[in-house]
Protein chains: 4
Amino acid sequence: MEEAENRKQRILAAALRIGGQRGLAATHMDEIAEAAGVSKGTLYNFYKSREQLLVEAVLFFVEAAVEEIPEVSDESISGEQRLQALIESMAGSFDRIVENFPIATQAGSLTPPGTEIHSHLLNGLNEIFLGYRKKIRSLLALAQSEGSVREDVDLNALAAIWVATYNGLLYRASFEESGADSLCTEAGVKQALSWLYESATEIETKNAFKNRAKSHTKDSKV
Amino acid sequence: MEEAENRKQRILAAALRIGGQRGLAATHMDEIAEAAGVSKGTLYNFYKSREQLLVEAVLFFVEAAVEEIPEVSDESISGEQRLQALIESMAGSFDRIVENFPIATQAGSLTPPGTEIHSHLLNGLNEIFLGYRKKIRSLLALAQSEGSVREDVDLNALAAIWVATYNGLLYRASFEESGADSLCTEAGVKQALSWLYESATEIETKNAFKNRAKSHTKDSKV
Amino acid sequence: MEEAENRKQRILAAALRIGGQRGLAATHMDEIAEAAGVSKGTLYNFYKSREQLLVEAVLFFVEAAVEEIPEVSDESISGEQRLQALIESMAGSFDRIVENFPIATQAGSLTPPGTEIHSHLLNGLNEIFLGYRKKIRSLLALAQSEGSVREDVDLNALAAIWVATYNGLLYRASFEESGADSLCTEAGVKQALSWLYESATEIETKNAFKNRAKSHTKDSKV
Amino acid sequence: MEEAENRKQRILAAALRIGGQRGLAATHMDEIAEAAGVSKGTLYNFYKSREQLLVEAVLFFVEAAVEEIPEVSDESISGEQRLQALIESMAGSFDRIVENFPIATQAGSLTPPGTEIHSHLLNGLNEIFLGYRKKIRSLLALAQSEGSVREDVDLNALAAIWVATYNGLLYRASFEESGADSLCTEAGVKQALSWLYESATEIETKNAFKNRAKSHTKDSKV
DNA sequence: TATGAATGAGTATTCATTCAT
DNA sequence: CATGAATGAATACTCATTCAT
């Protein structure tokens with residue numbers, strides 16, 4: 001069973017690697033098998049079909065990407081510090097996640113709408129993204145209880161915006177041939193999320209959005 | 001020539017319709033031809049290959065989606081009012097754009113990286129998205145010159161966040177079987193963009209993010 | 001009519017040119033039309049179908065190739081001299097004919113056996129080749145009547161061998177990427193036909209087949 | 001492996017059978033598969049493409065045709081007798097080889113000039129034909145060493161003519177709907193090759209070319 | 001009569017899935 | 001269970017032919 005689990009891991013990892021490079025539609029069973037070091041037949045011992053395999057791979061990736069964001073449950077530090085750590089963490093993961101980001105969108109078109117497997121995928125993604133949002137929301141709530149986030153802020157909505165902005169930057173970055181856009185990088189993520197955080201605090205002067213360096217403004221395209 | 005252009009329109013529209021429903025990977029030339037009311041051979045009179053046709057369709061869609069956002073160039077109203085109109089407009093387009101939103105991501109995996117057509121797609125998308133950001137930036141600049149946006153705000157960065165948040169909400173909404181998440185709807189878009197706008201203004205009290213209705217908070221899934 | 005005939009010539013010539021380069025199977029109506037400077041529709045005003053056009057082109061070529069061999073009807077010179085002139089002429093045409101030689105063989109497989117057009121082609125080729133042989137036979141007969149060809153030689157058979165050898169050399173030459181085989185060239189043709197001629201004469205010493213140059217023997221590939 | 005080789009044989013044989021009847025251009029993968037008793041997919045397990053399959057089939061056929069000509073290595077008989085046996089053998093193979101003879105020429109036009117596969121074909125044919133010529137040359141050399149072929153004969157050139165004549169007769173015969181030309185038959189081959197052989201010997205009186213039967217002369221079409 | 005855009009039947013090729021070993 | 005050769009349904013693309021202008 002140990003070995004079986006190991007194989008499943010290798011298979012999913014192989015599918016993700018290829019899917020990230022060539023796109024899911026061009027990810028073929030032959031290649032997955034070879035990259036995973038198993039035979040094509042073995043793939044069907046673990047997964048009923050190609051669709052199923054790829055859906056599991058996508059869910060595996062998205063979940064892993066979310067889990068990569070640490071809980072920052074160290075209770076010895078303040079909510080504000082934990083949020084700062086969260087921002088650092090999300091920014092630090094940015095480049096790696098960009099690699100495989102499009103596969104989530106592609107997976108939706110792999111399976112005919114209305115089928116069981118299609119629902120399985122959408123439900124899975126929904127759950128993961130909601131969990132993601134919840135995680136951020138709980139940190140915001142902590143910060144709010146400590147007074148660094150204003151009382152009147154709708155935490156649910158802010159958490160949703162937080163995730164949306166991060167995903168939007170990932171989405172945008174996945175189109176670029178080479179990080180041409182300085183705003184869609186690790187630094188850009190830090191700037192954006194900090195802006196969101198600080199817009200929810202009382203302290204106006206910390207605002208990360210202020211023009212600090214004119215040179216930076218010029219560098220950023222349009 | 002009139003007729004030829006008409007046909008091209010019908011072909012691209014047909015490709016988009018099918019691509020939005022089934023995904024680009026499952027969008028076949030036979031179906032496009034039938035849906036467009038032309039023969040398969042005619043498809044190849046206009047486009048060199050399936051890849052080319054689909055890429056043009058995607059660029060056509062994205063460009064149309066951006067152009068749908070009005071310039072709001074009515075100079076008789078203030079920058080602030082124009083931004084409000086922009087927010088209304090983006091929110092109003094949300095549901096329709098969601099339908100075809102995934103195809104942009106899917107297109108990236110239709111074409112082998114490194115090919116000319118792949119670059120054509122990425123360059124096209126890049127240009128469109130930069131134009132989009134520029135449009136928003138110019139309205140923000142107007143508002144800034146009128147004093148409703150603070151002087152110290154990095155307009156480039158804010159415009160980038162603005163677009164990222166919108167795209168992130170579209171991305172998220174494209175996963176849902178039926179608008180289950182109240183934050184990823186027309187209303188959610190309005191709330192999110194308003195938050196971004198108001199976080200850049202001097203007037204604290206307008207903040208759309210304040211908890212106004214407790215019921216609303218409960219409705220929105222964590 | 002003058003103009004029409006001119007067009008037909010251009011069409012056949014275009015078909016031959018392309019057919020010689022790419023092979024008949026890869027000779028398409030589009031290309032023929034463009035090369036001939038007419039529209040595709042015009043092709044069908046002159047020929048019922050692609051098959052018909054190509055068959056006419058092949059017959060046109062083969063006939064022209066045969067007619068290129070001069071009658072050498074100058075009665076002021078001896079039969080022997082005429083035969084020598086014939087050999088020179090056939091050798092001189094060799095390189096040009098090689099270019100289009102394969103099309104005759106290819107044409108046979110263009111049309112389904114048993115059809116009218118297939119018979120039309122085969123009959124046409126047969127007639128042409130028989131006429132070719134007859135031409136040579138009549139010169140041999142003249143030489144025989146003058147005494148330079150032995151009385152006991154079967155002229156029909158010798159003429160057939162004569163043509164077969166020439167065609168065999170053409171056939172062989174059409175396989176070579178670049179005249180690598182010194183025996184399948186203008187010089188080789190001269191040597192081969194001279195051998196055949198002299199083997200039919202009484203005078204042994206003229207035999208072109210004798211090893212005259214050792215270097216030549218070494219040059220010729222096994 | 002035994003089985004795989006068996007399948008390859010069946011595939012090539014099927015391709016040749018159909019190619020000989022309909023021409024290579026009209027030889028389709030579906031038909032080959034059915035005739036070989038395998039699925040279409042299996043064809044592609046053995047050969048990369050239709051072109052490759054057909055080229056291998058042609059080389060297989062030509063090689064087999066050459067190998068069919070026995071070495072006549074029985075050292076107990078004289079070179080002269082061996083040459084007579086060779087002539088008998090080539091004549092005996094004539095009718096069967098005629099069936100598939102055109103495919104060699106057709107193959108040249110299946111593949112775009114300048115491609116690797118085109119060179120593969122031409123090189124293969126070249127090698128086979130040179131081997132063929134070499135075989136004949138060695139028998140002539142033996143006969144020469146025994147004194148039945150004159151010392152002054154250029155064996156290379158004679159061997160080349162020998163092959164060319166044989167090929168020329170095959171070429172001619174491949175155009176005929178039904179062996180209408182008595183000179184392009186088994187008997188004609190024997191007559192032609194004997195003539196070539198005897199023209200290289202010292203003994204004039206054996207000459208096969210002499211008119212033996214007037215009726216025969218009449219039979220042979222001009 | 002000349003044109004060339006539209007047509008769609010015809011084909012090579014791919015690749016998920018199966019199953020005998 | 002693992003394997004990988006065999007399978008054949010599915011699909012992009014070509015090109016001879018037609019016909020409205």
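Here is the naming used below: chain letters follow the sequence lines, and residue numbers restart at 1 for every chain.
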Q.
Quick check: on DNA chain E, is the nucleotide nearest B:T42 upstream (toward 5') of the one nearest D:M29, or the reverse? Name the residue that is more 5'.
A. B:T42

(Q) Need to verify one output field. Residue with the more 5' nearest nucleotide on DNA chain E, B:G37 or D:K48? (A) B:G37

Q. Which atom names give the shortest non-hydrogen contact between B:A104 and B:V62, and what distance separates them?
A. CB-CG2, 4.4 Å

Kindly say if [X] contacts the phosphate of [N], meaning a side-chain N or O under 4.0 Å from OP1 or OP2.
X	N	answer
A:H28	E:dA16	yes
C:R50	F:dT18	no
B:N45	E:dA6	yes
A:R7	F:dC1	no
B:S39	E:dA6	no

Take the protein atom [atom1] of [X] and the nucleotide atom [atom2] of [N], then report the distance between them rounded to whole Å.
X	N	atom1	atom2	result
D:E34	E:dT11	CD	C1'	15 Å
A:Y44	E:dA16	OH	P	6 Å
D:L24	E:dA12	CG	P	12 Å
A:Y47	E:dA16	OH	C1'	17 Å
C:E31	F:dT14	CD	C1'	12 Å
A:R10	F:dA2	CZ	C1'	13 Å
D:E51	E:dT11	CD	P	17 Å
C:Q52	F:dA16	CD	C1'	14 Å

Q.
Partner lookup for E:dA20, please. Criteria are Watson-Crick or G-U wobble with both distances under 3.5 angstrom; report none if nothing qualifies.
A. F:dT3

Q.
Could you identify the nucleotide paired to E:dA12, looking across every strand shown and requiring Watson-Crick or G-U wobble geometry with both distances under 3.5 Å?
A. F:dT11

Q) For residues B:E34 and B:H28, is any side-chain donor paired with an opposing acceptor at under 3.5 Å? A) no

(Q) Under 3.5 Å, is there a donor on one side chain and an acceptor on the other for D:E51 and D:H120? (A) no

Q. Does the E:dT17 base have a donor-acceptor partner in the side chain of A:K40 within less than 3.5 Å?
A. yes

Q. Want to settle it: does B:G41 or A:F46 sit nearer the 5' end of DNA chain F, counting the closest nucleotide to each?
A. A:F46

(Q) Let me spell it out: for each of B:S49 and C:D30, pick the nucleotide of DNA chain F with the closest heavy atom. Which residue's pick is nearer the 5' end? (A) B:S49

(Q) Rounded at 0.5 Å granularity, tell me how far CZ in B:F61 sits from CD1 in B:I128. (A) 10.0 Å

Q.
Is it the case that the ring center of A:F175 lies less than 6.0 angstrom away from the ring center of A:F101?
A. no

